[in-house]
Amino acid sequence: MLKQQLNFKLSQKLSPQQIQLMKLIQLPTQAFEQRIKEELEENPALEDGKEERIDEYDDLGNENSEDDYDNETIETEIDVDEYLSDDEIPSYRLNANNYSPDDDDKQVPYAAGTSFTQHLKTQLSTFRFEEIEQEIAEFLVGSVDESGYIRRSVQDIVDDLAFTQNVYTDEETVEKVLMKVQKLDPAGVGARSLEECLLIQLNRKEPTKQVELATDIMERSFDHFSKKHYKKLLSRHDISEDELRDAIEVIEHLNPKPGGAYSGNTRMVEHVIPDFTIKIEDGELQLTLNGRNAPEMHISRDYNNMLKGYKESKEKTKAQKDAVMFIKQKLDAAKWFIEAIKQRQQTLMVTMSSIMNYQKEYFLTGDERNLRPMILKDIADEIEMDVSTVSRVANSKYVDTPYGTKLIKEFFSESMTNDQGEEVSTREIKKILEMSIDEENKRKPLTDEKLAKVLKDKGYPIARRTVAKYREQLDIPVARLRKEI
């Protein structure tokens with residue numbers, strides 16, 4: 001028995017241009033500038049409009065398009081006048097009053113200096129090494145990570161020296177060279193653990209009573225110290241609370257990541273460039289787009305002249321037709337790119353404006369407790385755009401506010417219902433949780449269960465496990481590790 005079925009499937013595919021537009025929207029300011037630079041280099045029909053304006057399009061557009069020109073003579077049916085008369089392109093300006101004119105300096109500062117590894121290698125010259133020891137020392141320095149640690153066992157290093165450097169040695173020799181590497185600056189570099197890193201720094205300090213006690217605690221009771229078992233420390237070392245407090249103060253002033261303190265670290269430090277600015281003027285919020293997101297672009301004058309020459313030519317040769325085809329491709333790409341920039345700016349402004357108005361109370365006060373519950377769909381529905389478009393704006397853009405520069409996605413949060421039946425932002429709850437921990441008695445920190453009770457008393461009935469989840473998201477340790485003496 002034959003059975004006929006008719007299935008309808010509705011699918012939506014994005015065109016290559018739509019995909020490119022989505023990519024442009026996602027780019028933050030600096031990356032967007034680089035993208036424009038690449039397009040200018042790749043497409044000779046596109047030029048930076050700040051240097052020179054083209055005003056000939058209007059004149060050309062008023063010419064009789066039929067004079068000495070028969071469009072049918074071109075097999076591809078190119079309408080040259082479509083490009084010559086389009087006065088929207090040369091008059092295109094994006095630096096309107098709603099865009100910020102500042103940020104003219106387009107250079108992004110980076111951390112200067114030699115690399116961290118080179119800094120350490122330079123210091124090796126102050127030691128006397130045998131030839132094989134020199135090779136071991138350089139290998140050890142090359143194994144130091146960006147935090148200043150060597151996070152590999154001596155046996156692994158011995159094996160790697162043999163396999164990769166053709167240097168055959170033993171653990172004792174590597175340990176001997178490592179002791180010298182650990183004398184390099186900054187203090188603590190070359191350590192294999194936090195305990196060893198802190199001990200190296202303590203051993204370089206002047207041996208006061210507090211330093212000696214701190215060293216003794218590190219050597220004998222590091223585990224108790226790291227877990228803040230203060231009663232056990234007082235008992236084991238037979239000291240008073242004041243003495244323990246002084247020793248802890250010495251330890252807390254040590255650097256747990258000696259590599260991070262070096263300004264010439266191997267990582268380039270990129271400064272955040274805000275894409276938007278929100279200011280308060282006469283009690284009202286004012287939104288501007290960074291002027292660097294609003295370039296002025298136009299079609300090349302040379303390409304305009306080439307088209308004009310082709311139009312005025314009475315005889316159209318094969319070479320001329322091929323040239324016009326090339327010009328057409330470049331002009332299409334240039335016109336699309338200019339329009340894409342315009343759409344990008346409109347999308348950014350519409351999206352950020354909606355977010356600003358949605359969170360108006362927060363932007364007027366700076367109080368995170370005034371952040372409303374807001375998800376991507378809330379904004380997408382309001383501006384009648386796709387959720388993915390809002391996501392591209394929120395996840396990669398920064399806004400300069402009176403309260404600091406913020407990543408836009410930080411303003412989005414889920415909601416829950418308080419004891420009065422009102423929807424409140426989870427960001428608001430986290431802020432109150434953070435404040436409750438700040439106000440607690442540090443000698444007796446609040447457990448997650450007690451914090452849940454505190455929040456419930458304040459009108460936020462959430463479970464202990466939810467408190468634990470929010471606390472971890474805020475990077476706040478458990479009660480035992482918040483304890484102070």
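Each residue takes its place number in the sequence, starting with 1. No experiment lies behind these values; they were computed from the predicted model shown.
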Engineer: Kindly say whether Gly404 contributes a backbone atom to a donor-acceptor pair with the side chain of Thr401 at under 3.5 angstrom?
Structural biologist: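 Pair found, side chain donor or acceptor close to backbone of Gly404.
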
Engineer: One thing to verify: whether Glu241 and Arg443 come together as a salt bridge, which I'm taking to mean a side-chain N less than 4.0 angstrom from a carboxylate O.
Structural biologist: yes

Engineer: Is any NZ, NE, NH1 or NH2 atom of the basic residue among Arg292 and Glu33 found under 4.0 Å from an Asp or Glu carboxylate oxygen of the other?
Structural biologist: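 Looking at Glu33 together with Arg292, the answer is yes, because their closest N to O distance falls below 4.0 Å.
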
Engineer: Would you call Glu39-Arg35 a salt bridge at under 4.0 Å N-O?
Structural biologist: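 Looking at Glu39 and Arg35, the cut-off is met.
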
Engineer: Under the side-chain hydrogen bond (donor to acceptor under 3.5 Å, both in side chains) criterion, do Tyr168 and Asp170 qualify, and how do the steps go?
Structural biologist: CA-CA 7 Å; Tyr168 297 93; Asp170 53 38; over 6 Å; no

Engineer: Can a donor-acceptor pair be found, under 3.5 Å and without considering hydrogens, that links the side chain of Arg236 to the backbone of Arg220?
Structural biologist: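 Here the side-chain-to-backbone pair exists.
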
Engineer: Could you check whether Arg471 pairs with Glu434 (Lys NZ or Arg NE/NH1/NH2 to Asp/Glu carboxylate O, under 4.0 Å)?
Structural biologist: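 Glu434 and Arg471: not salt-bridged.
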
Engineer: Between Leu446 and Arg482, what is the shortest heavy-atom contact and its length?
Structural biologist: O-NH2, 2.7 Å

Engineer: Is the backbone of Ser240 close enough, under 3.5 Å, to the side chain of Glu243 for a donor and an acceptor to pair up by distance?
Structural biologist: yes

Engineer: When you measure from the side chain of Arg192 to the backbone N and O of Cys197, does any donor-acceptor pair fall under 3.5 Å?
Structural biologist: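 Checked: no pair found.
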
Engineer: If only atom types and distance count, is the side chain of Ser396 paired as donor or acceptor with the main-chain N or O of Gln26 below 3.5 Å?
Structural biologist: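 Such a contact is found between Ser396 side chain and Gln26 backbone.
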
Engineer: Looking at the rings of Phe363 and Phe411, which for Trp means the six-membered one, are their centres under 6.0 Å apart?
Structural biologist: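 Judged by ring-centre distance (under 6.0 Å), Phe363 and Phe411 do meet the cut-off.
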
